[in-house]
Amino acid sequence: MGDCEEIKLPSSGLAEDILARFMEKAQEELNAKVAATEKVKGETIFHLVTFSLGREEYGVEISSVQEIIRAADITPVPGAPVHVNGVINLRGKIIPVVNLRRRFGLPEVEANEEQRIIIVEIGEKRLGMLVDSVSQVIRIPSAVIEDLPEEATSLDENYIKGVGKLESRLIIILDLNRSLLVALH
Amino acid sequence: MSVLLDEFLEDAAEHLEAAESSLLLLEKRVNDGLHDEGGVTLLLGNLHTLKGNAGMMGLTPLQQYVHKMESVLKQVVDGSLSLTSNLFESFYSAINSLRESLEKLAKNPAEALDFSDELTLLEYLVSGGAERNGGISYGREKKDDFGYITQKSNTLKVNFEKLDDLLNLVGELVIQRTTLLAFEAKLKETVKDRAVIEAFSESSQLIGKSAADLREAIMKVRMLPVKVVFQRFNRLVRDLSHKHGKEINLVFEGEETELDKTVVDEIGEPLLHLIRNAVDHGIESPDERRMSGKPPVATLALRARHENNHIIVSVEDDGRGIPIEKLKNSAVAKGLIDHRQARALSDQEALQLVFIPGFSTSREVTETSGRGIGLDVVKNAVTAFNGMIDIDSMHGAGTTFTIKLPLTLAIIASLMVEVSGEVFAVPLSGVLESIKIDKAEIHQVASGEIINLRDRILPIVRLNEFFGLNNTTTTEEMEYVVIVGSGEKRGGIIVDRLIGQQEIVIKAMDDYLGPLPGISGGTVLGDGSVALILDIGSLMGKTGRGGTDGGL
């Protein structure tokens, strides 16, 4: 399974632009080619935006990612759920930002330059996810994605859709609905 | 639901409303003994468009029914049928059933419409007058009848959200311009060429001005004349006065006054209750009026005007007014106040009693306004959008309710304050004054902290404690207190710093954030960051309990 294509995103600078270009390209390819040829092989290709949180690498499907922005100017909202960092202004709309570390019970880190907010769309809702850093956009075939073994799934981990196994690493693929909308314990 | 059906429904509702206004006008003219062919033609025009659109949507029953209404009217035009009060009634009810059917379609696009009962009714009615002519004639129409088809429209219907998007984009523009300003400052440090700097700052200023103009232009597009709300009450007052055997002349004043669409949307409900109240309780029967030497026909006036960045809308009747003594007695009987308090109240203060929840001066519950909706609900509705309501009444001469509203609900003037390094907006409509007081003047009592301002004891809220924010230890001996009022409540809010006044665009907070005590919304500041807007009512409601349930 060496056919995973990568575009390295710079940790600072114009990551957003590159992502935008990539998303466009990926969409075109998807429309033109994927359906015609790759489906024949009985495989679906997942396009993921990957990011790091603590020591782990996570991925979300690119179709639900609207954009990635720098984590600046988050206004705290008193009285909001604990896992919400605050709100940001995204082109005139006020959007809540979820601190994924808090959400997943990881220790907090000081605000830093590497942090990004991934704006995702879940149905009608638009939310930001604060992550440690955004790493890359990756295409992986469904064959390398495995469900989490049942014994490894506790109630708290059902926000995981599956695990992408690549040569040297694992990518935890998030179920956005569960990670952000359903209350965790 | 398909976009097409959506558009049809919206359009149809408008045509029905127009038809109803035409009908009302026509009825008035006919009652005044005038023959108004133009009015009938106008009504025909409204119905014709509706019929055509219904046909395009494949809504055959609706189309046929409207067609029937049209043919009845055409008989009126060619004189074979006269406009009797029965006919008017049947047309009003026809408009009602058409409205109902539109509502059904909105809920279920596949709803099978059936107007057979209504058709029979209409036919029966017409047959009485149409017998002589042997039924309905489909004679050649006069050429004039088609004038309304070729009428050109110079208006364009735009979804409100699109305007909101435009406004957001302008907001972006304004924010990006602040980046230009920062860039300009940098240029001044590094570039020697003065001409370049000047040219740059000039275009930057022009961009700023265009952005401001653009924002204003978009705000203007959102303005609607208050007429659109007022006109809805024609029918209500007509129906209510028939039902109660009262004669009422509804007059409008200043109906061209323009309001932001957000205000127009909100004001209908409180006005509805005030008007029902006036018709039900305020206005007397014609006999009663004659006995007290008044003209039998009562006047109910809806007025609108601009005043200092506010809109004043009033509902004024020349009915029986409110007897102050009875009002006080009733309040005492209900246990809302005691005898001593009642005696101490001035007339104006006593009138305010009507806004207390559960208070109503009428003994009997009526169909019109006795549905558990009191003036307290009206007051709440008005204060909810930063408005104020006042009552004035003269026993025997009438009652006036005056509503004062901000020009737009989307943009409000605010006092910007800073607390623990965060910026908050306090709606100016709720700010009475801001003062600087000595820390020693803040007294600790059992229920919390209070200050004594000109012999009035005011509870105070420390915003940082209420919100559970970091305590900023100031060495200063003085505290800034913003004195606020919401409804009857008064109080003070302690802040770290007053920043100044600013117009802000209100944005709703996502419900993902849950209920947020003390916060009514958010706004985007000039530098692109978000500031929260304080909810004075909720802050005052919690006064005395400090930050116990407001923190993170």
Side-chain angles (χ1 to χ4, degrees), chain A residues 14 16-17 64 66-67 69-103 108 110-111 115 117-130 159 174 176-184, chain B residues 161 164-176 215 410 419-425 463-470 505-535 538-539 542 547 549-552:
Chain A
L14 298 168
E16 296 84 352
D17 293 351
S64 48
Q66 204 196 3
E67 62 192 285
I69 56 172
R70 239 170 277 269
D73 266 341
I74 302 177
T75 303
V77 180
V82 184
H83 67 272
V84 173
N85 243 54
V87 290
I88 51 160
N89 157 36
L90 183 75
R91 282 189 300 282
K93 296 222 161 66
I94 295 180
I95 294 177
V97 177
V98 172
N99 185 325
L100 267 200
R101 274 183 169 266
R102 272 189 221 159
R103 179 73 179 175
E108 296 214 27
E110 289 256 317
Q115 286 181 317
I117 297 171
I118 304 180
I119 309 288
V120 294
E121 270 179 325
I122 313 167
E124 297 271 285
K125 210 164 254 321
R126 216 186 289 170
L127 294 173
M129 301 192 296
L130 180 71
Y159 54 81
L174 290 183
L176 280 182
N177 223 342
R178 289 178 186 277
S179 331
L180 300 178
L181 299 186
V182 180
L184 290 181
Chain B
E161 274 175 29
D164 250 7
D165 287 345
L166 265 185
L167 208 59
N168 281 338
L169 285 174
V170 175
E172 282 293 295
L173 197 60
V174 174
I175 290 159
Q176 276 148 23
R215 189 178 106 156
V419 181
S420 305
E422 297 294 333
V423 176
F424 291 90
L463 217 51
N464 57 348
E465 283 177 15
F466 185 92
F467 284 145
L469 297 168
N470 296 334
V505 179
I506 302 175
K507 317 241 170 186
M509 297 297 270
D510 198 298
D511 54 12
Y512 186 77
L513 299 167
L516 300 171
I519 295 166
S520 66
T523 188
V524 177
L525 300 177
D527 65 356
S529 64
V530 177
L532 301 176
I533 304 171
L534 298 185
D535 177 354
S538 124
L539 279 172
K542 299 224 184 280
D549 47 0
L552 273 168

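Here is the naming used below: chain letters follow the sequence lines, and residue numbers restart at 1 for every chain. Scope of the values below: all heavy atoms of this structure, side chains included, with no hydrogens, waters or symmetry mates.
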*Run the side chain to side chain contact (heavy atoms under 4.5 Å, CB included) check on Asp511(B) and Lys125(A) step by step: do they pass?*
CA-CA 10 Å; Asp511(B) 54 12; Lys125(A) 210 164 254 321; 2.8 Å; yes
*Should Asp510(B) and Arg126(A) be marked as a side chain to side chain contact (heavy atoms under 4.5 Å, CB included) after you check the CA-CA gap, both sets of side-chain angles, and the distance that decides it?*
CA-CA 9 Å; Asp510(B) 198 298; Arg126(A) 216 186 289 170; over 6 Å; no
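Interface residue Leu127(A): only side-chain heavy atoms are found under 4.5 Å from chain B.
The minimum heavy-atom distance linking Pro81(A) with Tyr512(B) is given by the pair CG-O, 3.9 Å. Scanning both residues, Ile88(A) and Val530(B), for their nearest heavy atoms gives C-CG2, 3.5 Å. The two residues Pro78(A) and Leu469(B) make their nearest non-hydrogen contact at CG-CD2, 4.5 Å.
Considering CG of Leu513(B) and CD1 of Ile95(A), their distance stands at 11.0 Å, rounded to 0.5 Å. With rounding to the nearest 0.5 angstrom, the CG atom of Leu525(B) is 9.0 Å from the CG atom of Asp73(A).
Shown here is Glu161(B), whose CD atom has no more than 12 heavy atoms of other residues, nucleotides or ligands within 6.0 Å.
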